[in-house]
> 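Shown below is the structure under consideration.
Since the model is a prediction, treat every value here as computed from it, not as a measurement.
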Amino acid sequence: MQVSTAEFKKGLRIVFDGNPYTIVDFQHVKPGKGGAFVRTKLKHMKLGKVIDNTFRSGEKVELVDFEEKHMQFLYKDDRYNFMDTETYEQLSLSADEVGEAREYLRENTEVDVLYIAGSPAGVDTAQGGTKPATLETGAVVQVPLFLSEGDVVKVDTRTGEYLGRVATAGA
């Protein structure tokens, strides 16, 4: 399936130079002279590298043929082992295939494994990667699993949302 540059949005998965990319950012530009264009930042879905590219306005691109399977991270030995929560089939991925997500994996963490053309291509830990933390004030905030007791965090006081770690325990 193809989409026009007018349909670009953050998170859209497109094929560029024969490789799968996610649109990280885009900007429609209408200069005084010449035709309009779309400036984009694209993240390679397998390698994780980010590139800049400019498309002509109205240009069509192919969408990535992908599927996401909900899985549970079981354990890590020399590879990362997952189980499909519906079929109970197990999947073993290398550190490169898991990518940046390995920083956030804990046993029993639920993840979405991205399949491109039938092969596993990446792991998204957006699902269930948080835990409740009680602040010194008594407020409870959902924080990422990698935080430890004593870490200093930044919180949006309007929403109670975790914004980032300011300092690690003992630092």
Side-chain angles (χ1 to χ4, degrees), residues 7-14 16 19-27 39-52 63-116 118-171:
E7 300 170 80
F8 276 10
K9 60 185 178 200
K10 289 182 183 180
L12 189 69
R13 295 172 170 142
I14 63 170
F16 176 70
N19 292 303
Y21 284 89
T22 301
I23 297 175
V24 177
D25 199 14
F26 70 97
Q27 178 183 17
R39 191 176 290 134
T40 62
K41 282 194 182 302
L42 305 172
K43 182 175 182 180
H44 196 288
M45 290 173 67
K46 292 182 180 177
L47 305 177
K49 66 180 180 182
V50 177
I51 63 168
D52 294 315
L63 288 177
V64 174
D65 179 22
F66 73 93
E67 175 186 6
E68 285 183 329
K69 291 188 179 178
H70 198 67
M71 295 195 163
Q72 183 178 40
F73 174 62
L74 298 175
Y75 62 93
K76 176 192 177 291
D77 44 26
D78 57 325
R79 296 176 65 83
Y80 292 79
N81 299 280
F82 300 86
M83 178 183 68
D84 188 314
T85 56
E86 290 180 13
T87 65
Y88 302 108
E89 288 178 26
Q90 292 195 12
L91 169 70
S92 175
L93 299 175
S94 70
D96 287 343
E97 290 171 315
V98 174
E100 298 168 5
R102 62 182 180 267
E103 307 273 331
Y104 309 103
L105 288 176
R106 250 193 168 159
E107 287 183 11
N108 301 321
T109 300
E110 297 205 354
V111 299
D112 287 323
V113 177
L114 179 70
Y115 281 75
I116 298 175
S119 307
V123 176
D124 179 7
T125 58
Q127 304 280 330
T130 62
K131 62 184 177 184
T134 305
L135 307 180
E136 287 179 14
T137 61
V140 177
V141 177
Q142 289 294 320
V143 299
L145 296 170
F146 61 82
L147 289 182
S148 304
E149 186 173 339
D151 287 354
V152 179
V153 297
K154 186 182 343 180
V155 176
D156 184 334
T157 56
R158 297 167 298 193
T159 63
E161 182 181 6
Y162 165 84
L163 297 175
R165 178 167 55 185
V166 177
T168 56

> With rounding to the nearest 0.5 angstrom, report the CZ to OG distance, R165 to S148.
7.0 Å

> What do you reckon, is CG of D65 surrounded by more than 12 foreign heavy atoms closer than 6.0 Å?
no

> Walk me through whether V98 and L105 qualify under side-chain contact (heavy atoms from CB on, under 4.5 Å).
CA-CA 10 Å; V98 174; L105 288 176; 3.8 Å; yes

> So, do I14 and L42 sit near enough that their side-chain heavy atoms are less than 4.5 Å apart?
yes

> Quick check for you: to the nearest 0.5 Å, what is the distance between R39 atom CZ and Q27 atom CD?
5.5 Å

> Determine, step by step, whether V64 and T22 satisfy the side-chain contact (heavy atoms from CB on, under 4.5 Å) criterion, reporting the C-alpha distance in whole Å, the side-chain angles of both residues, the deciding distance to 0.1 Å, and the verdict.
CA-CA 9 Å; V64 174; T22 301; over 6 Å; no

> If we ignore angles and hydrogens, is there a donor and acceptor under 3.5 Å between the side chains of E86 and H70?
no

> Any idea which heavy atoms bring Y115 and K69 closest together, and the distance?
CE1-CD, 3.6 Å

> State, to 0.1 Å, how close V24 and K43 come at their nearest heavy-atom pair, and which atoms those are.
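Looking at all heavy atoms of both residues, the shortest contact is CG2-CB, 3.5 Å.
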
> So which heavy atom on V140 is nearest to which on P132, and how close?
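Heavy atoms only, the tightest pair is CG1-CB, 3.9 Å.
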
> Could you report the tightest heavy-atom contact between L74 and E107, atom names first, then the distance?
O-CG, 3.1 Å

> Kindly compute the distance separating OH (Y80) from CG (D96), expressed to the nearest 0.5 Å.
10.0 Å

> Please determine whether side-chain contact (heavy atoms from CB on, under 4.5 Å) holds for the pair K10 and D25, giving the CA-CA distance in whole Å, both sets of side-chain angles, and the decisive distance to 0.1 Å.
CA-CA 6 Å; K10 289 182 183 180; D25 199 14; 3.3 Å; yes

> Determine, step by step, whether F16 and I23 satisfy the side-chain contact (heavy atoms from CB on, under 4.5 Å) criterion, reporting the C-alpha distance in whole Å, the side-chain angles of both residues, the deciding distance to 0.1 Å, and the verdict.
CA-CA 11 Å; F16 176 70; I23 297 175; over 6 Å; no

> For the atom pair CD (E110) and CG (N108), what is the distance rounded to the nearest 0.5 Å?
8.5 Å

> Can you name the closest pair of heavy atoms from M71 and V113 and give their distance?
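Where M71 meets V113 most closely, the heavy atoms are SD-CG2, 3.6 Å.
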
> What residues form a side chain to side chain donor-acceptor pair (under 3.5 Å) with K41, not counting sequence neighbours?
D52

> Holding to side chain to side chain donor-acceptor pair (under 3.5 Å), I want the full list of residues that pass it with R106, two or more places apart in sequence or in another chain.
none

> Kindly give the heavy-atom pair with the smallest separation between F73 and N81, and that separation in Å.
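Residues F73 and N81, closest heavy atoms: CD1-O, 3.5 Å.
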
> Do L135 and V155 have side-chain heavy atoms sitting under 4.5 Å apart?
yes

> Compare all side-chain heavy atoms of I51 with those of Y21 and state whether any distance is below 4.5 angstrom.
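Touching, per the 4.5 Å side-chain cut-off.
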
